[in-house]
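Following: one structure in structure tokens, then a few remarks.
Here is the naming used below: chain letters follow the sequence lines, and residue numbers restart at 1 for every chain. Computed from heavy atoms alone, side chains included, the values below leave out hydrogens, waters and symmetry copies.
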Amino acid sequence: DAGVTQSPTHLIKTRGQQVTLRCSPISGHKSVSWYQQVLGQGPQFIFQYYEKEERGRGNFPDRFSARQFPNYSSELNVNALLLGDSALYLCASSLGLGLAGAETQYFGPGTRLLVL
Amino acid sequence: GNSVTQMEGPVTLSEEAFLTINCTYTATGYPSLFWYVQYPGEGLQLLLKATKADDKGSNKGFEATYRKETTSFHLEKGSVQVSDSAVYFCALHKGYNQGGKLIFGQGTELSVKP
């Protein structure tokens, strides 16, 4: 079975631009989460979606937004890019809510964003 | 608040040496605990997990035991290989009524020399 896929793999933008990152979860997984990993640090939680609804949000500004589609894929949007948004953006999928072990999250390869 | 603390890296070992990477956590209740591994230029791969106290997670020769009394989840391997060189992340998850997020430690870089 295919794992979590993300696109694009790399992206270069300039300050003030907007970017959209895409994620397809493992087949059968209904929950998608997004994380930001700055070089040399652990991933930081941005959003979690389940059944197209936002179920959790991390400490990120409103420039960050996301959505989940009926096929459970997801997009992360970042507006008005800053230099500090340069990072690896990771998508993770899990089965969903309430099931034993359902919280186990499986990560995609990430999208590396560079803001100049 | 909830947090995870890992031992500082980098950790440099010779092939076939014994590995321990310390991880302690702060959280109320009974979080699930995870170890993820990140190879250079890649995303995170789940290495092992434990969902309740005294559980032992194991995979590919790596082991970690969920110790509630010491709030720890130390990663061990009896004999490391060069191919184990990577960054290892300890993480906790408190359940979806807590926002559904994984909370990660800062990562520990492991370098194994032939």
Side-chain angles (χ1 to χ4, degrees), chain A residues 3-7 9-10 21 23 26 29-51 53-60 66 68 74 87-112, chain B residues 1-10 21 23-25 27 29-52 55 57 59 64 66 73 75 86-109:
Chain A
V4 178
T5 59
Q6 293 187 242
S7 62
T9 55
H10 294 81
L21 311 180
C23 170
I26 293 170
H29 285 194
K30 298 183 177 181
S31 178
V32 169
S33 299
W34 288 95
Y35 294 82
Q36 180 195 64
Q37 186 181 19
V38 174
L39 193 63
Q41 298 182 19
Q44 297 292 316
F45 174 75
I46 309 175
F47 287 110
Q48 194 247 343
Y49 276 78
Y50 175 72
E51 290 283 14
E53 292 187 6
E54 182 182 306
R55 293 302 186 111
R57 185 183 184 110
N59 187 25
F60 281 81
Q68 186 178 32
S74 177
L88 180 66
Y89 288 85
L90 294 163
C91 174
S93 77
S94 58
L95 280 168
L97 307 181
L99 299 174
E103 72 279 8
T104 301
Q105 298 187 11
Y106 299 89
F107 285 80
T111 294
R112 194 165 298 278
Chain B
N2 304 311
S3 65
V4 175
T5 302
Q6 295 180 229
M7 65 186 287
E8 294 279 339
I21 299 178
C23 170
T24 57
Y25 68 90
Y30 298 90
S32 294
L33 301 174
F34 302 84
W35 277 100
Y36 285 87
V37 58
Q38 187 173 37
Y39 297 98
E42 298 185 9
L44 274 67
Q45 296 180 24
L46 177 66
L47 184 58
L48 52 83
K49 68 177 183 181
T51 58
K52 60 183 187 293
D55 267 3
N59 185 29
Y66 188 164
F73 193 54
L75 183 68
V87 180
Y88 291 81
F89 291 94
C90 184
L92 69 83
H93 189 293
K94 288 202 65 182
Y96 286 104
N97 59 350
Q98 302 283 331
K101 63 182 179 182
L102 281 166
I103 297 170
F104 287 88
Q106 73 272 31
T108 302
E109 182 181 358

For each of B:Gln38, B:Glu42, B:Gln45, tally heavy-atom pairs with chain A at distances under 4.5 Å, and name the one with the top tally.
->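 Of the candidates given, the most pairs with chain A belong to B:Gln38.
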Between the side chain of A:Tyr35 and the main-chain N/O of B:Leu102, is any donor-acceptor distance below 3.5 Å?
->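 Yes.
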Top contributor to chain B contacts, counting heavy-atom pairs under 4.5 Å, from A:Ala92, A:Pro43, A:Gly58 =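 Max contact count across the listed options: A:Pro43.
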Which answer fits A:Gln6, side chain, backbone, both or neither, if we ask what part of it has an atom under 4.5 Å from a heavy atom of chain B?
->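 No part of A:Gln6 comes within 4.5 Å of chain B.
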Contact summary for A:Tyr106 and B:Leu46, nearest pair of heavy atoms |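 So the minimum-distance heavy-atom pair works out to CE2-CD2, 3.9 Å.
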Looking at A:Thr104 and B:Phe34, what are the two nearest heavy atoms and their distance?
->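 Taking every non-hydrogen atom into account, OG1-CE2, 3.7 Å.
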Partners passing ring-ring contact (aromatic ring centres under 6.0 Å, His included) against B:Tyr30 (at least two apart in sequence or in another chain) =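 For B:Tyr30, no residue satisfies ring-ring contact (aromatic ring centres under 6.0 Å, His included) once neighbours in sequence are set aside.
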How long is the gap from NZ on B:Lys49 to CD on A:Gln105, to the nearest 0.5 Å?
->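 Here the rounded value is 11.0 Å.
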A:Phe45 versus B:Ile103: any side-chain heavy-atom pair under 4.5 Å?
->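 Counting from C-beta outward, A:Phe45 and B:Ile103 never come under 4.5 Å.
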